[in-house]
Amino acid sequence: MTQISILGCGWLGLPLAKALLKKDYSVKGSTTTIDKKELLENAGISHYPIALEVENFSAPVDAFLDGSQTLIIAIPPKLRGKNKDYSDAQNNSFVQKIKNLLPFIENASVENLLFVSSTAVYGEGNETIDENSIPAPVTESGKQLLEIEQLLLANTHFKTTILRFGGLIGPDRNPARFLAGKENVSNPDAPINLIHLDDCIGIIQKIIDLQCWNTTLNAVTPFHPSRKDYYTQKTLENNLIPPVFNHEIPSTGKTILSNRLIQLLDYTFLQPHL
């Protein structure tokens, strides 16, 4: 039985682990605390409490990786926190946390690594974006994600695939509630770039099934109505107050294409209209 380790069994990682179990994979999963041990093990997932640290990093990483051919890193950068100006970004460096993890991966049985990144690496602008577009992140999280992507892709100890997700929706992330009742909302004419949890899981399963490594893929549902049209419709469908958009300032927003993913994986989106 092929074994997979998932670093970060949270909003994405836990349902992904359950889906992989149904496909007869053996799954090891990590959380930041021991509190979720029972939750994971009741689902058939071997649990390992691993909290990545910038300094004094000590966790059962060797045991977590032992015997796994594939590692999936599905943890958010968590750079926002209390410091909205990112003044604490270096003390909480996601890049350094991944660097601390690398020696463990290099010495393990891991042959393939899937890193869950974000379309935040592309920055802002009125452009149509594909994987050939030059990243230009403007946020601290986007900058650090891009640095990690480059770090992993350059490592020759394993094959890496980068998966850049758009905005995530699904359980506990209802798009109707994102902007409901808000006023003076910017960028009414900008396109949406979202993806549903069902497709996040479906795409990762396809990558593993087809052994699609050493590549970078955008993962955004090919459905790009304007923010105003989409969020107005979603709030009305849920009997919520629609947002009020500011049309005085010109809208800015990119359209992100997933054509490479669709072609390479022969993938059909499960939630095409979100």
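Salt bridge annotation for E147-K143: absent, with no cationic side-chain nitrogen under 4.0 angstrom from a carboxylate oxygen. Using a cut-off of 4.0 Å between Lys/Arg side-chain N and Asp/Glu carboxylate O, R164 and E149 are scored as salt-bridged.
Atom-to-atom distance recorded for S46:OG and L40:CG is 9.0 Å, nearest 0.5 angstrom. One distance of note links OG of S117 with CD1 of I148; it measures 8.0 Å at 0.5 Å rounding. Put simply, CG on D199 and CD1 on I204 are 11.0 Å apart, with the number rounded to the nearest 0.5 Å. One finds the OG1 atom of T70 at 11.5 Å from the CG atom of L65 (value rounded to the nearest 0.5 Å). Atoms CG and CD1, from L113 and I162 in turn, are 7.5 Å apart once rounded to the nearest 0.5 Å. Distance check, rounded to the nearest 0.5 Å: CD1 of I98 to OG of S93 gives 9.5 Å.
Side-chain contact between I105 and H157: absent, with no pair of heavy atoms (C-beta onward) separated by less than 4.5 Å. In this structure, L153 and F115 have side chains that are not in contact, with every pair of non-hydrogen atoms separated by 4.5 Å or more. Put simply, the side chain of T232 reaches to within 4.5 Å of the side chain of F245, judged on heavy atoms. Side chains of P49 and H47 form a contact here, defined as non-hydrogen atoms less than 4.5 Å apart. Residues L145 and V95 have side chains not in contact (no heavy-atom distance under 4.5 Å, counting atoms from C-beta outward). The shortest side-chain heavy-atom distance between Y231 and V185 does not fall under the 4.5 Å cut-off. Contact check for I207 versus W213: side-chain heavy atoms found under the 4.5 Å cut-off. F158 has its side chain out of reach of N112: every pair of non-hydrogen atoms, C-beta onward, lies at least 4.5 Å apart.
In this structure, L163 is not a member of the same hydrophobic cluster as L71, with clusters built from ILVMFWY side-chain heavy atoms closer than 4.5 Å. Note: the hydrophobic cluster containing L261 does not contain V121 (ILVMFWY, side chain heavy atoms under 4.5 Å, direct or indirect links). Linking ILVMFWY residues whenever their side-chain heavy atoms come closer than 4.5 Å, directly or via other members, places L101 and I75 in the same cluster. Put simply, L240 and L194 are part of two different groups of oily side chains (I, L, V, M, F, W, Y) that touch within less than 4.5 Å, one to the next. Hydrophobic clustering (ILVMFWY, side-chain heavy atoms < 4.5 Å, transitive): L265 and V220 are in distinct clusters.
Of the possible donor and acceptor atoms, one in the side chain of N126 sits under 3.5 Å from a partner among the backbone N and O of G253. In terms of modelled atom types and a separation under 3.5 Å, the side chain of Q211 and the main chain of I208 share a donor-acceptor contact. The backbone N or O of G8 sits less than 3.5 Å from a side-chain atom of S30, completing a donor-acceptor pair. Judged purely by atom type and a 3.5 angstrom limit, S226 has no side-chain atom pairing as donor or acceptor with the backbone of A190. Of the possible polar contacts, none joining the D130 side chain to the I256 backbone as a donor-acceptor pair under 3.5 Å is found. Here the side chain of W11 pairs no donor or acceptor atom with the backbone of R173 at under 3.5 angstrom. A donor-acceptor pair is defined here as one N or O able to donate and one able to accept, closer than 3.5 Å; such a pair exists between the side chain of N218 and the backbone of L257. At distances below 3.5 Å, at least one donor-acceptor pair connects side-chain atoms of K234 with backbone N or O atoms of L274. Under a 3.5 Å cut-off, the side chain of N107 and the backbone N or O of P103 do form a donor-acceptor pair. Without hydrogens or angle criteria, Q3 side chain to S26 main chain gives no donor-acceptor distance under 3.5 Å.
By the 6.0 Å contact criterion, CD on E237 is enclosed, its count of non-hydrogen atoms from other residues, nucleotides or ligands being greater than 12. Within a 6.0 Å radius of NZ in K206, other residues, nucleotides and ligands contribute more than 12 heavy atoms. More than 12 heavy-atom neighbours from other residues, nucleotides or ligands sit within 6.0 angstrom of CG on N42. The environment of CD1 in I249 is sparse: at most 12 heavy-atom neighbours from other residues, nucleotides or ligands sit within 6.0 Å. Within 6.0 Å of the NZ atom in K254, the count of heavy atoms belonging to other residues, nucleotides or ligands exceeds 12. I241 CD1: 12 or fewer foreign heavy atoms inside a 6.0 Å radius. Counting non-hydrogen atoms of neighbouring residues, nucleotides and ligands closer than 6.0 angstrom, the CG atom of D209 exceeds 12 such neighbours. More than 12 non-hydrogen atoms from other residues, nucleotides or ligands lie less than 6.0 angstrom from CD of Q271.
Between the side chains of T221 and H196, not a single donor N or O lies within less than 3.5 Å of an accepting N or O. Between the side chains of T216 and E131, no donor-acceptor pair of N or O atoms lies under 3.5 Å. Checking S141 against T139 by side-chain atom types alone, a donor-acceptor pair falls below 3.5 Å.
In plain terms, the two heavy atoms of I129 and S133 that are nearest each other are CA-OG, 3.5 Å. Nearest heavy atoms, S68 versus K28: OG-CD, 4.4 Å. Listed here is the closest heavy atom pair of T235 and P242: OG1-CA, 3.3 Å. Here the closest non-hydrogen pair linking P137 and G142 is CB-C, 3.5 Å. Closest of all the heavy-atom pairs between P15 and G10 is CD-O, 3.6 Å. Closest approach of Q205 and L20 over heavy atoms only: CG-CD2, 4.1 Å.
Ring centroid separation for the pair F104 and F57 comes in under the 6.0 Å cut-off.
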Exercise for the section: Using the side-chain contact (heavy atoms from CB on, under 4.5 Å) rule, take I195 and I203 through it: C-alpha gap first, then chi angles, then the decisive distance, then the call. Expected result: CA-CA 11 Å; I195 186 167; I203 289 165; 3.8 Å; yes

Exercise for the section: Begin from the C-alpha positions of E140 and Q144 and carry the test side-chain contact (heavy atoms from CB on, under 4.5 Å) through to its verdict. Expected result: CA-CA 6 Å; E140 182 62 30; Q144 293 205 24; 2.8 Å; yes

Practice task
Dump the intermediate steps for side-chain contact (heavy atoms from CB on, under 4.5 Å) on L52 and N100, then the final yes or no.
Solution key: CA-CA 8 Å; L52 299 184; N100 291 344; over 6 Å; no

Exercise for the section: Go through L264 and C212 one step at a time and tell me if the side-chain contact (heavy atoms from CB on, under 4.5 Å) criterion holds. Expected result: CA-CA 8 Å; L264 272 181; C212 184; 4.2 Å; yes

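Using a 30° and 60° split on the angle between ring planes, F223 and Y230 fall in the perpendicular class, above 60°.
Screening I4, I6, I72 for a side chain to side chain contact (heavy atoms under 4.5 Å, CB included) with L114, the sole residue that qualifies is I72. Between F165 and the options L217, L12, N193, T119, a side chain to side chain contact (heavy atoms under 4.5 Å, CB included) holds for only L12.
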